[in-house]
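Accompanying notes for the structure given below.
Atoms within a ligand are numbered from 1 in the order they appear, just like the ligands themselves. We use all heavy atoms of the structure for the numbers below, so side chains are in, but hydrogens, waters and symmetry mates are not. If you're wondering where the values come from, they're calculated on a predicted model, not measured in any experiment. In this chain, residues are counted from 1 in sequence order.
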Amino acid sequence: MIRAASAALALAALAAQPASAAPDGGRLFMLTCKGCHQPKTSVMAPSLQGVAGRQIAADPVFKYSAGLKAKKGTWTDANLDAYLTAPAVFAPGSLMPMSVASAENRAAIIAFLKTQK
Ligand code: HEC
């Protein structure tokens with residue numbers, strides 16, 4: 001939970017940036033996602049290497065929530081955007097507490113995820 005709190009603080013700091021600064025998806029990921037999502041799956045979160053286009057809840061090691069496991073399909077841009085907007089709406093009971101309010105920031109993070117093969 002300390003990690004979730006620090007991620008929330010990082011988001012608050014980002015929100016204070018001037019609107020003209022183009023969001024850097026890699027930096028946003030480092031500040032708001034990496035606390036939980038490491039290159040290798042941990043008890044905290046599944047690995048997001050290659051997540052773009054992958055089957056939803058397909059990491060062989062991570063114990064997903066029933067809500068996310070019940071989702072069919074793959075991580076398209078639209079699904080990633082919906083999940084990052086409101087994880088518990090996209091997948092009721094999802095274990096992920098983090099959401100990203102800004103559409104611009106979501107797009108930047110999704111573009112970054114696609115580079116993580
Ligand atoms: C506090 C820890 C935490 C943070 C911070 C976090 N996540 Fe997650 N994330 C999780 C957990 C736990 C799951 C598994 C959710 C479930 O099983 O319902 C998950 C699942 C996911 C998935 C689905 C993975 C799959 O294999 O289907 C994606 C995509 C994702 N997170 C993206 C992100 C992004 C992008 C960020 C940063 C904006 C982020 N997460 C921040 C904990 C976190």
Contacting atoms of ligand 1, where contact means under 4.0 angstrom from a heavy atom of [X]:
X     : value
Phe62 : 12 (C), 14 (C), 17 (O)
Leu80 : 29 (C)
Ser94 : 15 (C), 16 (C), 18 (O)
Ser65 : 16 (C), 17 (O), 18 (O)
Thr32 : 5 (C), 37 (C), 38 (C), 41 (C)
Leu48 : 22 (C), 24 (C), 28 (C), 29 (C), 30 (C), 32 (C), 33 (C)
Leu84 : 32 (C), 33 (C), 34 (C), 35 (C)
Trp75 : 23 (C), 24 (C), 25 (C), 27 (O)

Looking at ligand 1, is there an atom of it that comes within less than 4.0 Å of some heavy atom belonging to [X]?
X     : value
Pro97 : yes
Lys34 : no
Ala57 : yes
Pro46 : yes

Inset, instruction - Pick out which of Asp77, Thr76, Asp81 makes a side-chain contact (heavy atoms from CB on, under 4.5 Å) with Asn79. - result: Thr76
Inset, instruction - Using a 4.0 Å heavy-atom threshold (strictly under), name the region of Leu68 that reaches ligand 1: side chain, backbone, both or neither. - result: side chain
Inset, instruction - Classify the contact between Ile109 and ligand 1 as side chain, backbone, both or neither, using a heavy-atom distance cut-off of under 4.0 Å. - result: side chain
Inset, instruction - Would you check if atom 8 (Fe) of ligand 1 lies under 2.8 Å from any N, O or S atom of His37? - result: yes
Inset, instruction - State whether Met98 contributes an N/O/S atom found under 2.8 Å from atom 8 (Fe) of ligand 1. - result: no
Legend entry - Lys69 backbone acceptor or donor facing Lys72 side chain under 3.5 Å: no
Legend entry - Short N or O distance, Arg54 and ligand 1, threshold 3.5 Å exclusive: yes
Inset, instruction - Consider only side-chain N and O atoms of Ser94 and Tyr83, and report whether a donor and an acceptor are under 3.5 Å apart. - result: yes
